[in-house]
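Okay, so here's the structure we're looking at.
Everything numeric in this text was worked out from a predicted model, so none of it was measured. Proteins get letters first, then strands, A, B, ... in listed order; numbering begins at 1 in each.
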There are 2 protein chains.
Amino acid sequence: MSTAPSIEPARTKRGETSRAAIFGAALELFQERGYEATTMRAIAERAGVSLGSSYHYFASKEHLVLGFYRHTHELHLAATAPLLERERDFAARLRDVVRAVVVTCEPFHDFAGAIFSTVANPSSPLNPFGRESKALRDEVMQLYSDVMSGSDTRFPADIAHELPTRLWLYQMGILYFWIFDRSPGRLRTLEVIDGTTDLIVRLISIANLHLLRGSRKRILQLVRNIAGGSLTA
Amino acid sequence: MSTAPSIEPARTKRGETSRAAIFGAALELFQERGYEATTMRAIAERAGVSLGSSYHYFASKEHLVLGFYRHTHELHLAATAPLLERERDFAARLRDVVRAVVVTCEPFHDFAGAIFSTVANPSSPLNPFGRESKALRDEVMQLYSDVMSGSDTRFPADIAHELPTRLWLYQMGILYFWIFDRSPGRLRTLEVIDGTTDLIVRLISIANLHLLRGSRKRILQLVRNIAGGSLTA
DNA sequence: AGTTGGACTTGAACATGTTCACGTTCACGT
DNA sequence: ACGTGAACGTGAACATGTTCAAGTCCAACT
């Protein structure tokens, strides 16, 4: 039942060099020409390896995208670290972390759409809910877990347990909106972030205040249905 | 500024025959083998035309998908017509129309994911928000407009004007959820539909009751931001 | 009847993601 | 030193979406 490792790790120093060269070349070319215009042959050529060698490390062109996702996530982590060190207000932490997502990804906006569509295929194990992206997904959820636990807000147990998953999903939604956003300075996305994070914080407050207990149960179950069902493992 | 017609209409009786044969063959093969496993050569062969001829009518394999979308929409219309004739309660109309979407699309569930991902590319004019899908999008919105206007509920002007767009977006969301739903009988999707349509109806009621006027304005603006920005034309 | 222009048709050619059978390198045990 | 096997590397070959220059058909006009 172990997962087939479609992204082969390098097991040699030489191998690690090749792997890094291929991934670096892909990263450069994706930015220079976009996803579709970048051919595997061009990647191999710039990396200084043969076409076949690329497939030794990355099972497909899509698998290179997963590496790209990880790359942006690490940028995102680096960008938010000082903020999470300093700020204690939950609303501010959440809002600024989500803002940082779109700021971090901004250089890739032009081809983010192409990347999204290749990875959105539910039949691919690379899709956001799928097996091969689980590790990265867990890391993103961990970030939002830190957003919560590092704040001065206390959360009820059920919400504390489930919110990171929902916030990961929420971040995906924001990214999807951002992909389509053509407003100058991506202002519209930033507005939506402010509005939705504010809404989220308010809804959590209402839950905390033990108001609307009846509705709360129903709505929580609905959210559970929506966000909880599709994850692999 | 006129749109380039990437799906060529037939201008001859003979042409119309070919066009229908190609589309019919594509529809059959998509169902038999899925989207990716269906080659343009296989479509042309079953349709009894040459490979090149297919491209005379459909600019790309993706454009055949747009036709497929239209096909399912017409199935959906046919399935909901008697219901909309009879039922007058808005909540019931909305819920059953959305339920009918997933019931209608059920035979295509296996390859709906592949189709979705090819059409989700924001840089493609075929994406749900894009130019080439506008006609179909308008028809779906018209359906939801009928769901509203045929009911015994009266809507405030601003909501009456904007709700069809939001319900179209909502239907897209439900379909996306349905694509990933592997529960038996697609029960989870049906539950989500019941829960969300109920929620929508309640929110509208609250708006109608002139409660929460302050929040209403802010939330409406938020929804406007989210749902209103990306549509082409 | 003859001409013409455009719709329609064709299949070869092309580009590119992917596979594969085979060659090379190298650390390690003997 | 030598053999071994796994990791790594290679490029030709394949499948398939797409393009294109050229051919065929047909209705309308002269």
Side-chain angles (χ1 to χ4, degrees), chain A residues 4-23 25-26 29-30 33-67 111 114-115 117-119 121 123-126, chain B residues 4-23 25-26 29-30 33-67 111 114-115 117-119 121 123-126:
Chain A
S6 319
I7 298 188
E8 287 290 341
R11 263 161 280 199
T12 301
K13 193 162 293 181
R14 184 178 172 220
E16 187 46 50
T17 306
S18 295
R19 192 183 206 291
I22 292 164
F23 180 64
L29 286 167
F30 286 163
R33 314 180 185 173
Y35 178 72
E36 277 147 9
T38 297
T39 70
M40 292 297 285
R41 284 165 181 80
I43 292 172
E45 186 179 7
R46 179 168 300 194
V49 303
S50 74
L51 177 60
S53 224
S54 306
Y55 284 92
H56 182 75
Y57 296 99
F58 300 92
S60 75
K61 193 178 175 185
E62 288 184 24
H63 282 80
L64 281 164
V65 172
L66 191 57
F111 68 101
I115 283 181
S117 88
T118 55
V119 177
N121 191 333
S123 51
S124 154
L126 278 175
Chain B
S6 319
I7 299 188
E8 289 289 341
R11 265 161 277 200
T12 301
K13 190 163 296 182
R14 183 179 171 220
E16 187 46 50
T17 306
S18 295
R19 191 183 206 292
I22 292 164
F23 179 64
L29 287 168
F30 285 163
R33 313 180 188 176
Y35 178 73
E36 278 148 8
T38 298
T39 69
M40 292 298 285
R41 285 166 180 81
I43 293 172
E45 187 179 6
R46 180 168 299 195
V49 303
S50 74
L51 177 60
S53 226
S54 305
Y55 284 91
H56 183 74
Y57 296 99
F58 300 92
S60 74
K61 194 179 174 185
E62 288 185 24
H63 282 80
L64 281 164
V65 171
L66 192 57
F111 67 101
I115 283 182
S117 88
T118 55
V119 177
N121 192 333
S123 51
S124 155
L126 279 175

With a 3.5 Å cut-off and no angle check, do the side chains of Ser53(A) and His56(A) form a donor-acceptor pair? no

Does Thr12(B) place a side-chain N or O at less than 4.0 Å from the phosphate oxygens OP1/OP2 of dC8(C)? yes

Separation of His63(A) atom NE2 from dG17(C) atom C1', in whole Å? 14 Å

Rounded to whole Å, please give me the gap between CZ in Arg19(A) and C1' in dA7(D). 14 Å

Given the rule in the side chain to side chain contact (heavy atoms under 4.5 Å, CB included) test, do Ile43(A) and Leu64(A) qualify, once you have shown the distances and angles that lead to the verdict? CA-CA 11 Å; Ile43(A) 292 172; Leu64(A) 281 164; 3.9 Å; yes

Taking atom P of dG23(C) as reference, at what distance in whole Å does atom CG of Leu51(A) sit? 19 Å

Under-4.0 Å side-chain N/O to phosphate OP1/OP2 contact, His56(A) with dC8(D): yes

Output yes when at least one side-chain N/O atom of Ser18(B) is less than 4.0 Å from OP1 or OP2 of dT9(C), else no. yes

Would Glu36(B) and Asn121(A) count as a side chain to side chain contact (heavy atoms under 4.5 Å, CB included) here? Give the steps. CA-CA 11 Å; Glu36(B) 278 148 8; Asn121(A) 191 333; 3.2 Å; yes

Under 4.0 Å, counting only non-hydrogen atoms across every strand here, what does Ser54(B) touch: a base, just sugar-phosphate, or nothing? nothing

Atom pair distance, as rounded to whole Å: CD1 in Ile43(B) and P in dT18(D): 10 Å

For atom NZ of Lys61(B) and atom P of dT19(D), their distance in whole Å: 15 Å

Before we go on, tell me: are the rings of Phe111(A) and Tyr35(A) under 6.0 Å apart, centre to centre? no

So with a 6.0 Å cut-off around CD of Glu45(A), is the heavy-atom count from everything else above 12? no

Atom-to-atom span, CZ of Arg14(B) to C1' of dC8(C) - whole angstrom: 6 Å

Would you please confirm or rule out a distance under 4.0 Å between OP1 or OP2 of dC20(C) and any side-chain N or O of Tyr55(A)? no

By nearest-heavy-atom nucleotide on DNA chain D, the more 5' of Thr39(B) and Gly48(A) is Gly48(A)

Selected nucleotide, minimal atom distance to Ser50(A) side chain, candidates dT9(C), dG9(D), dT16(D): dG9(D)

Checking all strands, does Arg41(A) fall into the base, sugar-phosphate, or nothing category for heavy-atom contacts under 4.0 angstrom? base

OP1 or OP2 of dA7(D) sitting under 4.0 Å from any side-chain N/O of Tyr57(A)? no

Could you tell me whether Gly52(A) contacts a base, only the sugar-phosphate backbone, or nothing, with contacts defined as non-hydrogen atoms closer than 4.0 Å? base

So what does Thr17(B) touch, heavy atoms closer than 4.0 Å: a base, only the sugar-phosphate, or nothing? nothing

Distance in angstrom units between Lys13(B) NZ and dA7(C) C1', rounded: 16 Å

Atom pair distance, as rounded to whole Å: CD in Glu45(A) and C1' in dG9(D): 16 Å

Report the base-pairing partner of dA1(D) (Watson-Crick or G-U wobble, both distances below 3.5 angstrom), or none. dT30(C)

